[in-house]
Amino acid sequence: MRQLKGKIIRGIGGFYYVEPDGSTSLLECRARGALRHQKIKPMVGDLVEITEEKGGFALEKILPRKNTFVRPPVANVDVALIVFAATNPEPDLLLLDKLLIASELKEVTPVIVLTKKDLAEDEALERITAIYAKTPYKLITITTDSDVGIDEIEACIAHKTAFLAGPSGVGKSTLANRLCIQGAMETGALSQKLNRGRHTTRHVELLPLRAGGFLLDTPGFSSLKLDEEITAEALHYYFPEFEQGGCKFNTCLHDSEPQCAVKAQVAAGTVAALRYEHYIHLLHELKNKRSVY
């Protein structure tokens, strides 16, 4: 029997379509009964071992996962392209910061993409870029009708698995069409999927990127609730520009405590005041155990 390793690209009706290592062809597989008995359900994005046998291929083993998402059910995501418009609609930077935290929680590298650069006032654009310049996060600006910045995005996602996250109306489907191999999706289908308030597609699929790798055709944080994933005491770890261990008290939450190193950073301008305001807002919500996303 021939054994192969590969990645699940698509799953429909109990069949899994695997792209073997070193190939672009898809092999249709059924999961072994042993996986079902162990209650292990294969997911799109899984790295797997398959066996060729009479009549087709069988999915034998799922290799260890880097991360998983429940809705949609996908595994092994590397990069989140967090897409917001610089204007029209005005960017909700609190939501942006929540998505950055969600990325950190799932061990996904976030890349901030600001669309509609050409439509935004210079002052507004500079304000946003100045806020995130104080963080380690990469921020890329792109225009409505130009490929400027696309190469920079492709360098971040080449040969990786990525998805798009962000509100409706910011140009996610347009960006996806720029990044994916031509003909990888039906015209308009991805646009409808990306802009639905609730995602109800029949299946999840990885779309091939021009730069190599894959783009998920579906949002990635549709059901994540931060208050179920993180505690108030741990929140400051997800603001990577905050100084760790410099406060007078080891238990400092950087709120009302005296001699706080993070508040000193804000006063000195090395931490953006708005990021700190968002941290305090989320901290109080976590303390009250309310859902913040």
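Values reported hereafter were calculated over all heavy atoms of this structure, with side chains retained and with hydrogens, waters and symmetry mates removed.
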Is a salt bridge present between K138 and E152, judged by a nitrogen-to-oxygen distance below 4.0 Å?
yes
A side-chain contact here means heavy atoms from C-beta on lying under 4.5 Å apart; do P72 and L216 qualify?
no
Side chain to side chain contact (heavy atoms under 4.5 Å, CB included) assessment of I230 paired with Y237
CA-CA 10 Å; I230 192 172; Y237 292 117; over 6 Å; no
Across all chains, not counting sequence neighbours, the side chain to side chain donor-acceptor pair (under 3.5 Å) partners of R65 are D46
Donor-acceptor contact present, side-chain K287 to main-chain A232, <3.5 Å
no
Kindly compute the distance separating CZ (F239) from NE2 (H278), expressed to the nearest 0.5 Å.
8.5 Å
Check whether any side-chain heavy atom of P42 sits under 4.5 Å from a side-chain heavy atom of L59, and report yes or no.
yes
Distance-only, no hydrogens or angles: does the K106 side chain make a donor-acceptor pair with backbone N or O of T68 under 3.5 Å?
yes
Do N76 and T161 have side chains that approach each other closer than 4.5 Å (heavy atoms only, starting at C-beta)?
no
Can you name the side chain to side chain donor-acceptor pair (under 3.5 Å) partners of E154, sequence neighbours left out?
R210
Mind checking whether I150 and V148 sit in one hydrophobic cluster, side chains of I, L, V, M, F, W, Y counted as touching below 4.5 Å?
no
Please indicate whether D147 has more than 12 foreign heavy atoms, meaning atoms of other residues, nucleotides or ligands, lying under 6.0 Å from its CG.
yes
Shortest non-hydrogen contact from P110 toward V108
CD-O, 3.2 Å
Quick one: pull up CD in E104 and CD1 in I101 and give me the separation to the nearest 0.5 Å.
8.5 Å
Honestly curious: do I50 and M43 fall in one hydrophobic cluster under the side-chain, below-4.5 Å linking rule?
no
Determine whether E28 and Y17 satisfy the following criterion, side-chain hydrogen bond (donor to acceptor under 3.5 Å, both in side chains), listing intermediate values before the conclusion.
CA-CA 5 Å; E28 185 181 86; Y17 296 84; 2.8 Å; yes
Which of L94, V266, L93 passes side-chain contact (heavy atoms from CB on, under 4.5 Å) with L274? It is L93
May I have all residue pairs that pass salt bridge (Lys or Arg N to Asp or Glu O under 4.0 Å) and include part of residues 8-26, sequence neighbours excluded?
R10-E205
Strictly distance-based, threshold 3.5 Å: is any side-chain N or O of T129 a donor or acceptor partner for the main-chain N or O of E126?
yes
Are I112 and F84 packed together at the side-chain level, in the sense that at least one heavy-atom pair is separated by less than 4.5 angstrom?
no
Linking Ile, Leu, Val, Met, Phe, Trp and Tyr through side-chain heavy atoms less than 4.5 Å apart, which residues share a cluster with L47?
L63
Going from OG on S103 to OH on Y137, what distance comes out if it is rounded to the nearest 0.5 angstrom?
7.5 Å
Heavy-atom distance under 4.5 Å between the side chains of C156 and I140, does that happen here?
yes
Within the 4.5 Å heavy-atom criterion, are T144 and T115 side-chain neighbours or not?
no
Relative to each other, are the rings of Y279 and H254 parallel, tilted or perpendicular (30° and 60° limits)?
tilted
With distance as the sole test, does E285 use its side chain to make a donor-acceptor pair with the main-chain N or O of L283 at under 3.5 Å?
no
Show, in sequence, the C-alpha distance, side-chain angles and deciding distance for F69 and F163, and conclude whether the ring-ring contact (aromatic ring centres under 6.0 Å, His included) test is met.
CA-CA 12 Å; F69 293 82; F163 63 66; 5.5 Å; yes
Taking the side chain as everything from C-beta on, heavy atoms only, tell me whether L206 gets closer than 4.5 Å to V74.
no
Any sub-3.5 Å donor-acceptor pair from K117's side-chain atoms to A86's backbone N or O?
no
Taking only residues two or more places apart in sequence, or in another chain, which ones meet K134 in a salt bridge (Lys or Arg N to Asp or Glu O under 4.0 Å)?
none
Search all heavy atoms of P167 against all heavy atoms of V83 and return the closest pair with its distance.
CD-O, 3.6 Å
Answer yes or no: is there a donor N or O on one side and an acceptor on the other, between the side chain of T141 and the main chain of L114, under 3.5 Å?
no
Where L27 and P20 come nearest, the two heavy atoms and their spacing:
CD1-CG, 3.5 Å
Worked check of side chain to side chain contact (heavy atoms under 4.5 Å, CB included) between L96 and Y132
CA-CA 11 Å; L96 172 52; Y132 293 95; 3.5 Å; yes
Rounded to the nearest 0.5 Å, the NE2 atom of H284 sits from the CG atom of L253 at a distance of 9.0 Å
Shortest non-hydrogen separation from A234 to Y238 and the atoms involved
O-CD1, 3.4 Å
Applying side-chain hydrogen bond (donor to acceptor under 3.5 Å, both in side chains), which residue pairs with at least one partner in residues 78-87 are found, sequence neighbours left out?
K66-D78, T87-E90
Under the side chain to side chain donor-acceptor pair (under 3.5 Å) test, which residues partner T109, sequence neighbours left out?
none
Can you tell me which residue pairs pass the side-chain hydrogen bond (donor to acceptor under 3.5 Å, both in side chains) test with a partner in residues 242-253, sequence neighbours excluded?
H236-Q244
How far apart are the closest heavy atoms of P89 and G169, and which atoms are they?
CD-O, 3.5 Å
I would like to know whether V48 and I8 meet side chain to side chain contact (heavy atoms under 4.5 Å, CB included); could you show each step before the answer?
CA-CA 7 Å; V48 297; I8 297 178; 3.9 Å; yes
Is it possible for you to say whether V271 and I280 belong to one hydrophobic cluster, with membership spreading through side-chain heavy-atom contacts below 4.5 Å?
yes
Set of side-chain contact (heavy atoms from CB on, under 4.5 Å) partners for D145, sequence neighbours left out:
D118, T143
Check the hydrophobic clustering (I, L, V, M, F, W, Y; side-chain heavy atoms under 4.5 Å; chains of links allowed) and say if L282 and F242 are grouped together.
yes
Same cluster or not: are Y16 and I40 linked, directly or through other Ile, Leu, Val, Met, Phe, Trp or Tyr residues, by side-chain heavy atoms under 4.5 angstrom apart?
yes
Shortest non-hydrogen contact between A85 and V170, atoms and distance
N-CG1, 3.5 Å
Please collect all salt bridge (Lys or Arg N to Asp or Glu O under 4.0 Å) contacts where either partner lies in residues 50-63, sequence neighbours excluded, each pair once.
R2-E52, R32-E53, R32-E60
Donor-acceptor under 3.5 Å (K263 side chain, P258 main chain):
no
Here's one to test your reading of the geometry: is the NZ or CZ of R30 within 45 degrees of the ring axis of F15 and under 6.0 Å from its centre?
yes
Report the distance from atom CG of L81 to atom CG of L179, rounding to the nearest 0.5 Å.
7.0 Å
Quick note, salt bridge (Lys or Arg N to Asp or Glu O under 4.0 Å) partners involving residues 264-276, not counting sequence neighbours, are D97-R275, E241-R275
Using a 3.5 Å distance criterion without hydrogens, assess whether the side chain of K172 forms a donor-acceptor pair with backbone atoms of I82.
no
Side chain to side chain donor-acceptor pair (under 3.5 Å) against Y276, all qualifying residues, sequence neighbours excluded:
none
Is there a side-chain contact between L164 and L215 (heavy atoms, below 4.5 Å)?
yes
